[in-house]
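Report on one structure; see the data block that follows.
What you see below is based on every heavy atom in this structure, not just the backbone, and it leaves out hydrogens, waters and symmetry mates. As the structure lists them, so they are numbered: ligands from 1, and atoms in each ligand from 1. Note that the structure is a prediction, hence the values are computed from the model and not measured.
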Amino acid sequence: MIRQAIIPLAGLGTRLLPLTSVYAKELLPINGKVGLEYILEECVEAGIKEIIFIISKKKQIIKKYFYNDIFYKKIIKKKKDKRIISEYKKILKYKKMIKFVYQNNPRGTGDAVLKTKNLIKDNFFMMLLPDDLIIKKNCSKDMIHIHKKNKCSVMASMKVNKKNVKRWGIYSKKSNINKSNFYINDVIEKPDVKSAPSNNAVIGRYILPKKIFLKLENQKKGKGGEIHITDSIKRLLEDGEKFIGHNFKGKYLDCGTIEGYIKSSMEISKL
Ligand code: G1P
């Protein structure tokens, strides 16, 4: 059973400047709703019971969003507005599920994951990267289903333009299971076009084994001087750990760049 999800939220969001100069990118509204709430909805609908946010001192605003009770209570007392009451109830529901850990130096996704080590209870847990929205079909739910059947790690996958492999983690396939799933042979963080083993990219939904912490504890810096989760996954694969790549059915929206962010609002407004 996958009960816990972790969400790295300590990134600086430089690709979205100036929107992120005083604000957290994950709180930017996408078609009238805070981006992070789409991710939380996906978790809740997939049956996740506890969500661990990895934030930083600079991103306390994210905690405040869920801990603004005095403000809400005052307004509700005065106005008794139905919409505000239901929004507040939703925030209270999320608040009960969320725990916070801190990553004050943004040293990479692998380092962010390591911060959650003492909070992970089961042998497997989920990770969602908030820049990656997947709409129309709940990717986490489908991945949890695959995990239940196969009792192994699962990662989301999408074919990308060969020219852009440098932007992603890239898989090499071992063998196909069916149309939507394959066994992963290897994974390389942001390879050059020439050395990329395929154009199957890692998208930000992972079911990871608790064992990954053993690798992360001595994970050396990789591409761009960061500690990458991809590099620790690669080492687990070398040890023979089974990972399935899942070609998800939903529509992918990249909220980590200005162009993608604008497009996301337009796409969601069409739903
Ligand atoms: C991260 C991962 C990368 C993955 C991508 C998906 O990169 O390191 O392997 O393909 O997320 O969005 P980032 O977006 O942090 O550069």
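- Heavy atoms of Asp131 come nearer than 4.0 angstrom to ligand 1 in no pair at all.
- Among Asn181, Ile244, Asn200, Ile184, the one residue that satisfies the side chain to side chain contact (heavy atoms under 4.5 Å, CB included) test with Ser157 is Asn200.
- Heavy-atom distances between Met158 and ligand 1 stay at or above 4.0 Å for every pair.
- At most 12 heavy atoms of other shown residues, nucleotides or ligands fall within 6.0 angstrom of atom NZ in Lys148.
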* Could you give me the CA-CA distance, side-chain angles and deciding distance for Tyr102 and Ile54, then say whether side chain to side chain contact (heavy atoms under 4.5 Å, CB included) is met? => CA-CA 5 Å; Tyr102 285 80; Ile54 305 137; over 6 Å; no

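- Among the atoms of Arg167, some N or O lies under 3.5 angstrom from an N or O of ligand 1.
- Val202 has its side chain out of reach of Met158: every pair of non-hydrogen atoms, C-beta onward, lies at least 4.5 Å apart.
- Among the atoms of Val202, some N or O lies under 3.5 angstrom from an N or O of ligand 1.
- Ile62 and Leu40 fall within a single hydrophobic cluster, where Ile, Leu, Val, Met, Phe, Trp and Tyr side chains are chained together by heavy-atom contacts under 4.5 Å.
- Distances between N or O atoms of Glu189 and those of ligand 1 include at least one value under 3.5 Å.
- The protein atom (non-hydrogen) at minimum distance from atom 7 (O) of ligand 1 is Lys190 NZ, 3.2 Å.
- Close approach of ligand 1 to Gly169 (heavy-atom distance below 4.0 Å) involves ligand atoms 3 (C), 4 (C), 9 (O), 10 (O).
- The protein heavy atom nearest to atom 12 (O) of ligand 1 is Asp132 OD2, 2.7 Å.
- For Asp254, no heavy-atom contact with ligand 1 is shorter than 4.0 Å.
- Annotation for ligand 1: atoms under 4.0 Å from non-hydrogen atoms of Leu129 are 1 (C), 11 (O).
- Using the six-membered ring where Trp is involved, Phe66 and Phe53 have ring planes that are perpendicular, over 60° apart on the 30 and 60° scheme.
- With a heavy-atom cut-off of 4.0 Å, Met155 does not touch ligand 1 at all.
- Looking at Asn185 and Leu237, their side chains never come closer than 4.5 Å, going by heavy atoms from C-beta outward.
- Atoms of ligand 1 found under 4.0 Å from any heavy atom of Arg15, numbered from 1 in the order shown, are 14 (O).
- Checked against the 6.0 Å centroid threshold, Tyr171 and Phe182 count as a close aromatic pair.
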